[in-house]
Amino acid sequence: MTAQTKTMTTNLDAYYTTVETKGSLRSPAHAHNWSSATLLMLGHNLGGKTRKQLANALPEELATDVKRVFWLVHFRDSQKEAIMFQKEVARRAGVSDAQLARIPVVAVFNALKAMLDKNVIDAVADDLSPEISELWRNA
């Protein structure tokens with residue numbers, strides 16, 4: 001294992017531990033599941049340029065989830081409410097309670113921001129709808 005690979009693994013371990021702890025989740029598997037769901041829906045709500053900038057700043061495992069936009073034609077909702085975002089993430093994570101989803105979504109945002117520089121953090125915030133941007137900024 002190279003030093004770079006070991007550092008990335010350590011960063012991901014810390015990332016998932018943060019998501020598990022701050023998200024009030026029961027296991028690392030739940031942290032992985034919520035992380036994947038949140039990153040996928042975050043990718044859907046970002047423009048291509050910002051999505052690529054975010055993906056390039058993340059380890060490959062996380063970047064893959066951000067880049068998994070599968071629609072042929074995709075029109076982003078520039079006024080999407082935070083509760084709708086939470087509902088979409090909850091469905092992806094296999095949960096039906098959008099209110100409950102707020103806690104792990106904020107935990108994922110918080111853990112992501114710890115891995116990113118200010119330019120990427122600001123670019124993501126500026127590209128999201130106002131309510132989701134507020135959720136991102138306050139995480």
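We number each residue from 1, following the sequence as shown.
When the salt bridge (charged side-chain N to carboxylate O under 4.0 Å, His left out) test is applied to Lys49, no partner is found at least two apart in sequence or on another chain. In this structure, the ring-ring contact (aromatic ring centres under 6.0 Å, His included) partners of His32, at least two apart in sequence or on a different chain, are Tyr16. Remark: Lys80 pairs with Glu88 by the salt bridge (charged side-chain N to carboxylate O under 4.0 Å, His left out) rule, at least two apart or across chains. Residues satisfying the side chain to side chain donor-acceptor pair (under 3.5 Å) test with Gln53, not counting sequence neighbours, are none. Scanning for ring-ring contact (aromatic ring centres under 6.0 Å, His included) contacts around Trp34 gives an empty result, with sequence neighbours left out. For Arg137, the salt bridge (charged side-chain N to carboxylate O under 4.0 Å, His left out) partners two or more places apart in sequence, or in a different chain, are Asp126.
In this structure, the side chain of Asn33 does not engage the main chain of Ala29 through any donor-acceptor pair within 3.5 Å. No donor-acceptor distance shorter than 3.5 angstrom exists from the side chain of Lys22 to the backbone of Asn110, with no hydrogens or angles considered. The main-chain N or O of Leu46 is never found under 3.5 Å from a side-chain atom of Asp127 such that the two would form a donor-acceptor pair. Side-chain N or O atoms of Asn45 include none that pairs as donor or acceptor with a backbone N or O of Leu128 at under 3.5 Å.
By the rule that hydrophobic residues join a cluster once side-chain heavy atoms approach within less than 4.5 Å of another member, Val89 and Val95 end up as members of one cluster. Taking hydrophobic clusters as Ile, Leu, Val, Met, Phe, Trp and Tyr residues chained together by side-chain heavy-atom distances below 4.5 Å, Met84 does not share a cluster with Phe109. Grouping the Ile, Leu, Val, Met, Phe, Trp and Tyr side chains by contacts below 4.5 angstrom, directly or via other members, places Val19 with Leu100. Residues Ile103 and Leu40 are members of separate hydrophobic clusters, defined by side-chain heavy-atom contacts under 4.5 angstrom among Ile, Leu, Val, Met, Phe, Trp and Tyr.
At least one side-chain heavy atom of Asp77 sits under 4.5 Å from a side-chain heavy atom of Gln79. The side-chain heavy atoms of Trp136 and Ile121, taken from C-beta on, include a pair separated by under 4.5 Å.
Note that NZ of Lys118 and NZ of Lys113 are 10.0 Å apart. Values are rounded to the nearest 0.5 Å. Here the CG-OG1 distance, from Leu25 to Thr17, works out to 11.5 Å after rounding to the nearest 0.5 Å. The distance from atom CD of Gln86 to atom CG of Asp97, rounded to the nearest 0.5 Å, is 9.5 Å. How far CZ of Arg51 is from NE2 of His44: 8.0 Å, rounded to the nearest 0.5 Å.
When every heavy atom of Gln99 is checked against every heavy atom of Ile83, the shortest pair comes out as NE2-CD1, 3.2 Å. The two residues Ala82 and Ile132 make their nearest non-hydrogen contact at CA-CG1, 4.3 Å. Minimum heavy-atom separation, Ala63 to Ala55: CB-O, 3.3 Å. For Gly23 against Ala107, the heavy-atom pair with the smallest separation is N-CB, 3.4 Å. Scanning both residues, Ala125 and Ser133, for their nearest heavy atoms gives O-OG, 2.8 Å. Heavy-atom minimum distance, Leu62 versus Tyr15: CD2-CE2, 3.6 Å.
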Subject >> Audit row: Leu116, Leu54, side-chain contact (heavy atoms from CB on, under 4.5 Å) steps and yes/no >> reply: CA-CA 8 Å; Leu116 303 171; Leu54 175 60; 3.6 Å; yes

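A side chain to side chain contact (heavy atoms under 4.5 Å, CB included) with Asp65 is found for one member of Thr38, Leu39, Leu42 and no other, namely Leu39.
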